Amino acid sequence: MASRYDEQSIRVLKGLEPVKERPGMYTRTDTPLHVIQEVIDNAADEALAGAAKTITVTLHGDKSVSVGDDGRGIPVGPHPEEKIPTVEVVFTRLHAGGKFDKKSGGAAYAFSGGLHGVGVSVTNALSRRLEVKVQRDGAAWAMAFEDGFVKEKLKKLGSVAPKQTGTWVRAWPDPKYFDTDRIRRPELEHLLRAKAVLLPGLTTKLVDEPSGDTLEWRYEGGMEGYLKESLAGEDGFTSPVIVGQSYVGEGDTTFATGEGAAWALAWTEGANGGESYVNLIPTPEGGTHESGLKAGVFESLREFCLHHELLSRGVTLQSEDVWKNLRFVLSVRLLDPQFQGQTKGRLNSRDAVKLVATRLKDPLDAWLNQHVDVGRKIAELAIQAAVARQKAGKAAEKRRGSGVAVLPGKLTDCESGEISRNELFIVEGDSAGGSARQGRDRHTQAILPLRGKILNTFEVDPTQIYANNEVHDIAVALGIEPHAPGAGDSALAGLRYGKVIIMADADVDGSHIQTLLLALFFRHFPALLERGHVHVAQPPLYCIKVESQGKNRPERRLYALDEAERDALLEKLADEKVRESAITVGRFKGLGEMNPEELRETTMSPDTRRLLPLVIDGGAFAEARETFTLLMGKGEAASRRSWMEAKGNLVEADV
């Protein structure tokens, strides 16, 4: 019996209900640590603003956690729009916070990690009970929540000294929302230690009531002392810790005043590794700020090597050679950081690459030229890595016979012989191919433009696929022969590229070309999919240009993958009080509309692009074959029609 679908079937989620229905969209659900981190981050934002000197986190015996700071205290007066206490708004409204209106320095926080305005409200939504106490303006206040709703209204507890200010929050995370109700202490300790590292003079404390332990961190030396501590016990050469910081001054036309980075760097003969932060928020998955660090360090050391003639003939430095032995701590300040997901594990802000690279390079140049002997030792480590890499690349280079076919003339090949680093972009159209050629990294990126749609090869015999010019060029460029599923690594012995990237327009024709190419790879070159070599580029559909908003807000260009991202960015700009007349939303009709710089920044640069990896394992092969047969089989017209009639309403096609 079919289920009822009428007006009553449409449910509108209000208040904190979306968080309770889909907690994984707002936080990590493996442990309650992240909802507690939201409270810690707010306290750290007070320290970043210069208003707090101490943060104390207490683990209680009933599995609740409290966070206290001596900052300014959350405002308790009536909110001008909501007409309820502001502290209540902060804990019960998803998009509420003091971090949106940043124009001309008018926000409560010029730089903050709590970007989205959903942090502590998520903590409240996913807690059985939450209590908050505030001291400010000579008075102490308290209120309590249960399951996200007000349980005890705001009440005044009494008077305090005028200079006695701060916020104290105690939360009882609800176990039903998490895989475990246990907070892993090592992660919490690392988080609190990092806050002290990045804010010299800040004291962070952890009190474990059940065990009676109390830990305290304070680093007057900041990142330099922290990195030196982590390097203790390293064998072999270890460079001095190189520290620096650089922030944008007034009048800069590219970045906002105050944006920039601080860093501590050291090279060792051991393995590399480091920690990065954005507005004090740990980014364990890295992101564009680490890419900027990598680019700045590489350019600086490469120029040092060239200036001092340290490179032997035939040795070429790459960024990974310089990165291989680098240990670092990086702290970046961004006015409007864009994170990947609410958990903020990875930074996506494209401008961060250029910001960090440009702020770091000149100070590092100066340091290397003032410490030439140490600079030479650092350069030797990078050169050794380059030599080892090139030897490994030559060993892995495919063996060519005299009868190998000539590469197709329209292929713009890359210079590198290192298969694992090389990328082949199969691009829809000559126009996009031209922009891709100009926007590529010529050392590792090759471009093969397609003129129109390729042949549907799903039911074509392997011996006949070369009859089609486009398919012939793809196969010859790849350097491998057609093979059967499960052929193993031997089928890819001649492969010329570690990544094969399909780059087509974000429309119906582009999707059709993607499907035809995937059918070719699935049917005739399945090892590419089995070994994870095939990727689909995800170019943005929309470009949002934001005019300059004064000295602190230079012109910006934001990109959205689809309508949902576009709407989210527009909502964020509205929260920032950017006037509508200053916003221009453009829509790319295709890749050919992008200039080389836009195509590189959004779709080709490994630092800022988005790729969809396509991998198929043995268990899913039969199911995938059925789907391809339905979609591409010549005798499946009736089945396709039935399928489209049944599933057509699910398609979100750009026609």
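Bear in mind that the values here come from a model prediction, so they are computed numbers and not experimental data.
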Looking at Asp607 and Arg350, is any side-chain nitrogen of the basic one under 4.0 Å from a carboxylate oxygen of the acidic one? no
Could you tell me the separation between the CD1 atom of Ile501 and the CD1 atom of Ile426, rounded to the nearest 0.5 Å? 10.0 Å
As an exercise, state the distance from CD1 of Ile502 to CD of Gln538, rounded to the nearest 0.5 Å. 12.0 Å
To the nearest 0.5 angstrom, please state how far the CZ atom of Phe425 sits from the CG atom of Leu448. 12.5 Å
Begin from the C-alpha positions of Leu450 and Leu517 and carry the test side-chain contact (heavy atoms from CB on, under 4.5 Å) through to its verdict. CA-CA 11 Å; Leu450 297 179; Leu517 287 169; 4.1 Å; yes
Indicate yes or no for a side-chain donor-acceptor contact from Asp69 to the backbone of Ile55 under 3.5 Å, with no hydrogens or angles considered. no
Can you list the steps and then say if Lys151 with Phe145 is a side-chain contact (heavy atoms from CB on, under 4.5 Å)? CA-CA 5 Å; Lys151 180 65 175 178; Phe145 306 85; 5.6 Å; no
Taking the inter-plane angle between the rings of Phe588 and Tyr559 on a 0 to 90° scale, is it parallel (under 30°), tilted (30 to 60°) or perpendicular (over 60°)? parallel
Give the intermediate values and the outcome of salt bridge (charged side-chain N to carboxylate O under 4.0 Å, His left out) for residues Glu46 and Arg136. CA-CA 14 Å; Glu46 281 290 287; Arg136 69 179 280 142; over 6 Å; no
Pair Lys195-Ile281, side-chain contact (heavy atoms from CB on, under 4.5 Å): steps then yes or no: CA-CA 8 Å; Lys195 302 297 185 189; Ile281 301 298; 4.2 Å; yes
Hey, what do you get for CG (Leu599) to CD (Gln438), rounding to the nearest 0.5 Å? 10.0 Å
Hey, are Glu601 and Arg557 close enough for a salt bridge, meaning a charged N less than 4.0 Å from a carboxylate O? no
Step by step, would you call Lys545 with Glu555 a side-chain contact (heavy atoms from CB on, under 4.5 Å)? CA-CA 8 Å; Lys545 296 179 182 178; Glu555 182 179 277; 5.9 Å; no
Ion pair present between Glu423 and Arg609, side-chain N to carboxylate O less than 4.0 angstrom? yes
Any chance you could lay out the salt bridge (charged side-chain N to carboxylate O under 4.0 Å, His left out) test for Arg579 and Glu547, step after step, and finish with the verdict? CA-CA 10 Å; Arg579 65 182 190 280; Glu547 294 178 5; 3.4 Å; yes
Does some side-chain heavy atom of Val134 sit less than 4.5 Å from a side-chain heavy atom of Leu154? no
Is it true that Glu38 and Thr123 share a donor-acceptor pair across their side chains at a distance under 3.5 Å? no
Could you go step by step and tell me if Glu597 and Arg600 meet the salt bridge (charged side-chain N to carboxylate O under 4.0 Å, His left out) rule? CA-CA 5 Å; Glu597 183 180 353; Arg600 177 176 62 249; 5.2 Å; no
Any chance the side chains of Thr288 and Ser349 put a donor and an acceptor closer than 3.5 Å? no
Main-chain N/O of Glu598 paired with Asn595 side-chain donor or acceptor, under 3.5 Å: yes
